[in-house]
Colleague: 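A single structure is presented below for examination.
Bear in mind the structure is a predicted one, so any value in this text is a computation, not a measurement. Atom set for the values below is all heavy atoms of this structure, side chains included, hydrogens, waters and symmetry mates excluded. Convention: sequence-line order gives letters A, B, ...; per-chain numbering from 1.
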Amino acid sequence: MSHSHDENNIQHLYEGDQSKLYSGVMNHHSDINSTESKAQVANILKITLYLAIITIVEVIGGLYLYHYLPKGIINTAFLILTVVKSAFIVKVFMHLGDEVKWFRFCVLIPLALFIWFIIAFMYDGGAWLKINRGNPTRIDYIKTK
Amino acid sequence: MSQATATTAPTTKAFGGGRSPFNVSYGKMMMWFFLLSDAFTFSAFLISYGTTRFFNAVWPDANTVFHSFPFAGAHAEWPLMFVSLMTFILILSSVTMVLAVHAGHYNDKQGVIKWMLWTIIGGIAFLSCQAWEWTHLHHQAAWWGSFTDITASRDVYKHFFKPEVLASATPEQLSQSTNNFFNFFFTITGFHGCHVASGVVLNIMLLVNTVNGTYERRGHYEMVEKVGLYWHFVDLVWVFVFTCFYLL
């Protein structure tokens, strides 16, 4: 094989030989009509159905159940459904579920920062709420601006 | 997932050297890390929205703000319907994207072209919906930095609050919360819309390259996977925006 960078072999400069990297569902196959391929498409459509059902449940919740159920319960349900939905998207659509274990950890572990993030911001909001209650004229700032 | 167990059985320990413990290409890994950082940017927006909402005495009611639908007339009462449509459009364009990635795994050039086209159409449809919604809200006087006049009549807030809240809240509370709500709404949906718009541009570039046979010559469609990751992320962010602005 020639090592000159002509039109035909310049591609390896952009990306290496991917066939050595992937395995499982992300491996390179040849027959789009194989049973394996059809099973994967069926799985994608199944997840689509789940996402659609969850969205419909959320909309029903937002339209009707909101008036009957306590706010805390319905909001917790919304947040759980949101996380479930995003987990489906990340695991199946973004193929994170098909990556090797160490790479999954690499992506998921930094998300633990959100725990601190949310606590810190809500604490901040609580402090502001306290200030607002003690000082109702704070709005003057907006008025004079 | 069953396929996950089919990954190559390691002959040595993951960090024993001789092979990548992550088993992904550099470009794809960096796309993941970019998306992680972008996730923190978006969550900073959404969490500060939550904080602001938390310290306001009143807040606009989503079912009142978002109740209209194109061509349904000025007095249509279809709460949440339009945004649900937008959500479905984005989810479906995510599905067509994953089908394009799937076709790429099988080196099916025609399949990639077909599904990329649908994805681009979905993205443009979503952006059009958003443009309509922004225009509609703008006609109700909503914009960045709007509703700062506390001497204004209560009537200007009638599109945004439940009647009982509108009647009982002070002008200061109405002004502050509506101002905050729309600052966050336009900033966050605008930042998300920018992501969708750049995603559509990337998708079009991808389609052109696929049609030209660039990836076929390269022997793999990894670029479809990488842009696909970005596109799914945009969908993912919308899932959270939908919850924060329209449901909670």
Colleague: Relative to chain B, which segment of A:Ile44 carries a heavy atom at a distance below 4.5 Å: side chain, backbone, both, or neither?
Modeller: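 A:Ile44 touches chain B through side-chain heavy atoms alone.
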
Colleague: Whether the side chain of B:Asn23 engages the backbone of A:Glu99 through a donor-acceptor N/O pair (distance < 3.5 Å, no angle test) should be reported.
Modeller: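 Pair absent, no side-chain N/O of B:Asn23 close to backbone of A:Glu99.
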
Colleague: Check each atom of B:Asp108 against the heavy atoms of chain A and say whether the ones under 4.5 Å are side chain, backbone, both or neither.
Modeller: side chain

Colleague: Minimum heavy-atom separation for A:Phe103 and B:Met29, please, with both atom names.
Modeller: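 The answer is CE1-CG, 3.6 Å.
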
Colleague: So which residue, A:Leu96, A:Asp124, A:Val83, ends up with the most heavy-atom pairs under 4.5 Å with chain B?
Modeller: A:Leu96

Colleague: Any idea which heavy atoms bring A:Glu58 and B:Leu247 closest together, and the distance?
Modeller: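 For A:Glu58 versus B:Leu247, the nearest heavy atoms are O-CD2, 3.5 Å.
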
Colleague: Check whether any side-chain heavy atom of A:Leu79 sits under 4.5 Å from a side-chain heavy atom of B:Leu248, and report yes or no.
Modeller: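 Yes, close enough: below the 4.5 Å cut-off.
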
Colleague: Which bit of B:Ser48 comes within less than 4.5 Å of chain A, counting heavy atoms only: side chain, backbone, both or neither?
Modeller: both

Colleague: If you count heavy-atom pairs under 4.5 Å with chain B, which of A:Val59, A:Leu81, A:Leu111 comes out on top?
Modeller: A:Val59

Colleague: With only heavy atoms counted, which part of A:Ile32 is less than 4.5 Å from chain B, the side chain, the backbone, both or neither?
Modeller: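 Answer is both: backbone and side chain atoms of A:Ile32 are under 4.5 Å from chain B.
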
Colleague: Shortest non-hydrogen contact from B:Tyr106 to A:Ser34?
Modeller: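 Heavy-atom minimum between the residues: CE2-OG, 4.0 Å.
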
Colleague: Heavy-atom distances under 4.5 Å only: say whether B:Leu36 touches chain A with side chain, backbone, both or neither.
Modeller: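 When you check distances to chain A, only side chain atoms of B:Leu36 fall under 4.5 Å.
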
Colleague: What is the minimum heavy-atom distance between A:Met122 and B:Thr51, and which atoms define it?
Modeller: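 Minimum heavy-atom contact is CE-N, 3.9 Å.
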
Colleague: Quick one: closest heavy-atom pair of B:His102 and A:Ser37, and the distance?
Modeller: NE2-OG, 3.0 Å

Colleague: Of the backbone (N, CA, C, O) and the side chain (C-beta and beyond), which part of B:Leu46 lies under 4.5 Å from a heavy atom of chain A, both, or neither?
Modeller: neither

Colleague: Checking B:Ala62 against chain A: side chain, backbone, both or neither under 4.5 Å from a heavy atom?
Modeller: neither

Colleague: Hey, what's the ring geometry for B:Phe40 with A:Phe117, parallel, tilted or perpendicular (30° and 60° as the breaks)?
Modeller: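 Tilted: the ring planes of B:Phe40 and A:Phe117 meet at 30° to 60°.
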
Colleague: Please classify the contact of B:Val101 with chain A as side chain, backbone, both or neither, using a heavy-atom distance under 4.5 Å.
Modeller: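 Side chain only.
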
Colleague: Go through B:Lys28 and A:His95 one step at a time and tell me if the side chain to side chain contact (heavy atoms under 4.5 Å, CB included) criterion holds.
Modeller: CA-CA 12 Å; B:Lys28 209 163 135 188; A:His95 287 299; 5.9 Å; no

Colleague: Please step through side chain to side chain contact (heavy atoms under 4.5 Å, CB included) for the pair A:Val90 and B:Phe233, ending with a clear verdict.
Modeller: CA-CA 8 Å; A:Val90 171; B:Phe233 174 77; over 6 Å; no

Colleague: Which pair of heavy atoms, one from A:Phe114 and one from B:Ser43, lies closest together, and at what distance?
Modeller: CE2-OG, 2.8 Å

Colleague: Name the option with the most non-hydrogen atom pairs under 4.5 Å to chain B; the candidates are A:Gly126, A:Ser86, A:Ala120, A:Ala127.
Modeller: A:Ser86

Colleague: Measure distances from B:Phe240 to the heavy atoms of chain A and classify the residue's part below 4.5 Å as side chain, backbone, both or neither.
Modeller: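 Both backbone and side chain.
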
Colleague: Measure up the B:Phe15 and A:Trp102 rings against each other and bin them: parallel (under 30°), tilted (30 to 60°), perpendicular (over 60°).
Modeller: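 Perpendicular, since the angle between the ring planes exceeds 60°.
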
Colleague: Assess whether side chain to side chain contact (heavy atoms under 4.5 Å, CB included) is satisfied between A:Lys85 and B:Ile91, documenting all intermediate values.
Modeller: CA-CA 11 Å; A:Lys85 239 165 122 178; B:Ile91 288 178; 4.2 Å; yes

Colleague: For each of A:Thr82, A:Ile74, A:Val107, A:Leu45, tally heavy-atom pairs with chain B at distances under 4.5 Å, and name the one with the top tally.
Modeller: A:Thr82

Colleague: Given a strict heavy-atom distance threshold of 4.5 Å, which part of A:Ala52 is in contact with chain B: side chain, backbone, both, or neither?
Modeller: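 For A:Ala52, heavy atoms of backbone and side chain both lie under 4.5 Å from chain B.
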
